[in-house]
Amino acid sequence: MTIQYTPRGTCSRAFQIEVDGGVIQSVQVTGGCDGNLKGLSSLLKGMKVEEAIQRMEGIRCGMKPTSCPDQLAQALKTAL
């Protein structure tokens, strides 16, 4: 399954997430903090969707009510 998601309230502009059998296969992010998001994408590869949501949901970026990890969690919820 391929998830196409447009994040809200973050610097990143688009997510493309590949999920197979409840496991994240790849994460591609357009925009945002390049190095941080490449690292996050690498860490998520091979992780179960439920675990990734649990770890990232609710993370904030400074004074913003959301963050790229939180928005990735929202995107992953569509795979459940």
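No hydrogens, no waters, no symmetry mates; every other heavy atom, side chains included, goes into these values.
Residues forming a side chain to side chain donor-acceptor pair (under 3.5 Å) with S41 (at least two apart in sequence, or on another chain): none.
Looking at Q71 and T10, their side chains never bring a donor and an acceptor atom within 3.5 Å of each other.
Around CD of Q16, the count of heavy atoms belonging to other residues, nucleotides or ligands within 6.0 Å exceeds 12.
One finds the CG atom of D20 at 10.5 Å from the OG atom of S26 (value rounded to the nearest 0.5 Å). Rounded to the nearest 0.5 Å, atoms CG (L72) and CE (M56) are 5.0 Å apart. Residue I59 holds its CD1 atom at 14.5 Å from NZ of K64, rounded to the nearest 0.5 Å.
Judged by distance alone, the side chain of Q25 and the main-chain N or O of V23 form a donor-acceptor pair under 3.5 Å. Remark: the backbone N or O of G58 is not paired with any side-chain donor or acceptor of R60 at under 3.5 angstrom.
With a 4.5 Å cut-off on side-chain heavy atoms, Q4 and F15 do not count as touching. A heavy-atom distance below 4.5 Å is found between the side chains of P69 and L40. With contacts defined as side-chain heavy-atom distances shorter than 4.5 Å, the pair E50/I53 does not qualify. Counting heavy atoms from C-beta outward, I24 and L76 have side chains that approach closer than 4.5 Å. Between K38 and C33, every side-chain heavy-atom pair lies at or beyond the 4.5 Å cut-off. A heavy-atom distance below 4.5 Å is found between the side chains of E57 and Q74.
The minimum heavy-atom distance between G31 and L37, with the atom names listed, is O-CD1, 3.5 Å. Shortest non-hydrogen contact noted between L44 and A52 is CD2-CB, 3.8 Å.
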Would you check, one step at a time, whether the test side-chain hydrogen bond (donor to acceptor under 3.5 Å, both in side chains) holds for E18 with T2?
CA-CA 5 Å; E18 293 288 333; T2 300; 2.6 Å; yes
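Hydrophobic clustering, with ILVMFWY side chains joined whenever heavy atoms are under 4.5 angstrom apart, keeps L43 apart from M47.
Paired with I17 under the rule side chain to side chain contact (heavy atoms under 4.5 Å, CB included), one option of V27, T78, V29 passes, and it is V27. None of C68, S12, S67 except one satisfies the side chain to side chain contact (heavy atoms under 4.5 Å, CB included) rule with P7; the exception is S12.
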